[in-house]
Amino acid sequence: MKFKKVVALATVMAMAVSMAACGSSSSSTSTSSSSEASSSSEASSSSESSSSSEAAAETESVQETALVSGKVSMSGSTSMEKYVSALIETYAEINPNITVTAEYVGSGAGIEQVIAGSVDIGNSSRNLKDAEMESGAVENIVAIDGIAVVVDPANTVDNLTQEQLISIYTGEITNWSELGGSNTPIVVIGREAGSGTRGAFEELLGIEDVCAYASELDSTGAVIATVAATEGAIGYASLDSINDTVIAVKLDGVEATEENIVAGDYFLCRPFVMATNGEISEQSEAVQAWFEFVYSDEGKAVAQEVGLITVD
């Protein structure tokens, strides 16, 4: 009996030790879980604090940009009117503290004015000439535009080779019947001297100063309206300005589209330039803020909406 009591007592003590050990393990596990939860909470709090700080910094940066105020004056290319007007309208919503104005008097005149210091930006629908850059003008390319060749809506000729186009504008081909069309005299319409579109068109074709124009008009709109209303007329205009009152002919079998210009298949294209007197970094805060917008995603979206090709 004594032996049985001793065994029973030993068994009870062993169970007690085992339960104590289990309790200690449970307590340790609970403490560990609590510590991990605390660590996770601290990490989450730190992450949220970091995100809040970054958001606050971004908001402060946006507010500082919006606080830039002043005026920006532009003058130049009539071909850039649709594009520039759209930019001004969009920018007024982004930063109403900066007033942007533009006049459309031709590329050459705009560049002369920016060199003279009478405007902040000279808009040009062609590359700057060496003499202009030597005078201090800096070429800031903001987009790429195609030049479309247009004819009146009754014309049946829908494609011209580069050689045929050159022959038309130099007066060697004078009737549409020579190109498979009707027996109708060709009326050659162009832009005035100093026009960026004219300069780019003639330079790309290598026909500077040898064109036989019937009429030289002072705006893109005037060219389109005249060609639309004149039997046998042909003219050239900025791709983004073309409407359904005229027909844009193919050149060497290639349509005047953004895709074909990007691919390098359409040969009549030119840059849109916002020239400054000196580098952009040397301009006023308002002018610098304007260029930041033009080159931003919002500015590029405007260019795409009016049919232009964006640049980086």
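Keep in mind that the numbers below use all heavy atoms, side chains included, and drop hydrogens, waters and symmetry copies. Predicted model only: the values in this text are computed from it and were never measured.
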Visitor: Given side chains that start at C-beta, do those of Val311 and Tyr295 come closer than 4.5 Å, heavy atoms only?
Guide: yes
Visitor: Do Tyr104 and Ser85 make a side-chain contact, defined as non-hydrogen atoms from C-beta onward lying under 4.5 Å apart?
Guide: yes
Visitor: Out of curiosity, Tyr266 OH to Leu251 CG, how far, rounded to the nearest 0.5 Å?
Guide: 4.0 Å
Visitor: Shared ILVMFWY cluster between Leu204 and Ile189, side chains joined below 4.5 angstrom?
Guide: no
Visitor: Testing Ile186, Thr156, Asn183 one by one against Trp176 for a side-chain contact (heavy atoms from CB on, under 4.5 Å), which residue passes?
Guide: Ile186
Visitor: Do the side-chain N and O atoms of Asn127 and Glu139 include a donor-acceptor pair separated by under 3.5 angstrom?
Guide: yes
Visitor: So, for Val114 and Ala275, which heavy atoms are closest and what is the spacing to 0.1 Å?
Guide: CG2-O, 3.6 Å
Visitor: Atom CG of Asn155 and atom CD of Glu231: how far apart are they, to the nearest 0.5 Å?
Guide: 9.0 Å
Visitor: Treating Ile, Leu, Val, Met, Phe, Trp and Tyr as nodes and any side-chain heavy-atom pair under 4.5 angstrom as an edge, say whether Leu217 and Ile207 lie in one connected cluster.
Guide: no
Visitor: For Leu239, which of Ile147, Val306, Ile309, Ile261 qualifies under side-chain contact (heavy atoms from CB on, under 4.5 Å)?
Guide: Ile261
Visitor: Determine whether Ile88 and Val142 fall in the same hydrophobic cluster, where Ile, Leu, Val, Met, Phe, Trp and Tyr are linked whenever their side-chain heavy atoms lie under 4.5 Å apart.
Guide: yes
Visitor: Of the non-hydrogen atoms in Ile234 and Val227, which two are nearest, and what is the gap between them?
Guide: C-CG2, 4.0 Å
Visitor: Do you know the tightest heavy-atom contact between Ala289 and Ile98?
Guide: CB-CD1, 3.9 Å
Visitor: Determine, step by step, whether Arg191 and Thr220 satisfy the side chain to side chain contact (heavy atoms under 4.5 Å, CB included) criterion, reporting the C-alpha distance in whole Å, the side-chain angles of both residues, the deciding distance to 0.1 Å, and the verdict.
Guide: CA-CA 8 Å; Arg191 289 292 305 280; Thr220 299; 3.5 Å; yes
Visitor: In the structure I gave you, are the side-chain heavy atoms of Asp152 and Thr230 within less than 4.5 Å of one another anywhere?
Guide: no
Visitor: Kindly say whether Val254 contributes a backbone atom to a donor-acceptor pair with the side chain of Asp252 at under 3.5 angstrom?
Guide: no
Visitor: In Å, rounded to the nearest 0.5 Å, how long is the span from CG of Asp145 to CD of Glu258?
Guide: 10.5 Å
Visitor: Evaluate side chain to side chain contact (heavy atoms under 4.5 Å, CB included) for Met133 paired with Asp130, printing each intermediate quantity in order.
Guide: CA-CA 5 Å; Met133 291 189 283; Asp130 290 341; 3.8 Å; yes
Visitor: Considering residues, nucleotides and ligands other than Gln164, do more than 12 of their heavy atoms fall under 6.0 Å from its CD?
Guide: yes
Visitor: Heavy atoms only: give me the nearest Val223-Gly235 pair and the separation to one decimal.
Guide: CG1-CA, 4.3 Å
Visitor: Test side chain to side chain contact (heavy atoms under 4.5 Å, CB included) on Met274 and Val84 and set out the steps.
Guide: CA-CA 10 Å; Met274 290 187 178; Val84 172; 4.2 Å; yes
Visitor: Find the distance between CD (Glu132) and OG (Ser124) and round it off to the nearest 0.5 Å.
Guide: 7.0 Å
Visitor: Keeping Ser296 on the side-chain end and Gly299 on the backbone end, is there a donor-acceptor pair under 3.5 Å?
Guide: yes
Visitor: Using the rule that Ile, Leu, Val, Met, Phe, Trp and Tyr join whenever any side-chain heavy atoms are under 4.5 Å apart, tell me whether Ile242 and Val249 fall into a single cluster.
Guide: no
Visitor: Does the side chain of Leu160 come within less than 4.5 Å of Ile168's, by heavy atoms?
Guide: yes
Visitor: Hey, what's the ring geometry for Phe293 with Trp290, parallel, tilted or perpendicular (30° and 60° as the breaks)?
Guide: tilted
Visitor: Among side-chain atoms of Thr78 and Asp218, is any donor-acceptor pair under 3.5 angstrom?
Guide: no
Visitor: Would you name the heavy atoms of Leu128 and Ala137 that are closest together and state the gap between them?
Guide: CD1-CB, 3.9 Å
Visitor: Hey, which of Ser79, Ser77, Ser219 is the one that makes side chain to side chain donor-acceptor pair (under 3.5 Å) with Thr197?
Guide: Ser79
Visitor: Test Glu255 against Asn260 for side chain to side chain contact (heavy atoms under 4.5 Å, CB included), laying out the working first.
Guide: CA-CA 7 Å; Glu255 292 183 5; Asn260 289 333; 4.0 Å; yes
Visitor: Counting only heavy atoms not in Glu216, do more than 12 sit closer than 6.0 Å to its CD atom?
Guide: yes
Visitor: In Å, rounded to the nearest 0.5 Å, how long is the span from CD1 of Ile141 to CZ of Phe272?
Guide: 12.0 Å
Visitor: Is the ring pair Tyr236/Phe201 parallel, tilted or perpendicular, if the boundaries are 30 and 60 degrees?
Guide: parallel
Visitor: Would you say the side chain of Ile111 lies within less than 4.5 Å of the side chain of Arg126, judging by non-hydrogen atoms?
Guide: yes
Visitor: Look at atom CD of Gln304 and say whether more than 12 heavy atoms of other residues, nucleotides or ligands are closer to it than 6.0 Å.
Guide: yes
Visitor: Crowded around Lys82 NZ? As in, over 12 foreign heavy atoms under 6.0 Å?
Guide: yes
Visitor: Do Val294 and Tyr91 have side chains that approach each other closer than 4.5 Å (heavy atoms only, starting at C-beta)?
Guide: no
Visitor: Would you say the side chain of Val119 lies within less than 4.5 Å of the side chain of Met74, judging by non-hydrogen atoms?
Guide: no
Visitor: I'd like to check Val150 versus Ile247 (side-chain heavy atoms, cut-off strictly below 4.5 Å). Are they in contact?
Guide: no
Visitor: Consider only side-chain heavy atoms of I, L, V, M, F, W and Y, link residues closer than 4.5 Å, and tell whether Leu308 and Phe267 are in one cluster.
Guide: yes
Visitor: Quick check: closest heavy atoms across Gly190 and Tyr213, and the distance to 0.1 Å?
Guide: CA-CE2, 3.3 Å
Visitor: For Ser107, run the side chain to side chain donor-acceptor pair (under 3.5 Å) check against Ser125, Ser195, Ser75 and tell me which one passes.
Guide: Ser125
Visitor: Nearest 0.5 angstrom please: Asn277 CG to Gln113 CD, how far?
Guide: 12.5 Å
Visitor: Any salt bridge linking Glu203 with Arg270? Criterion: basic side-chain nitrogen under 4.0 Å from a carboxylate oxygen.
Guide: no
Visitor: Taking CD in Glu285 as the centre, count heavy atoms belonging to other residues, nucleotides or ligands within less than 6.0 Å. Is the count above 12?
Guide: no
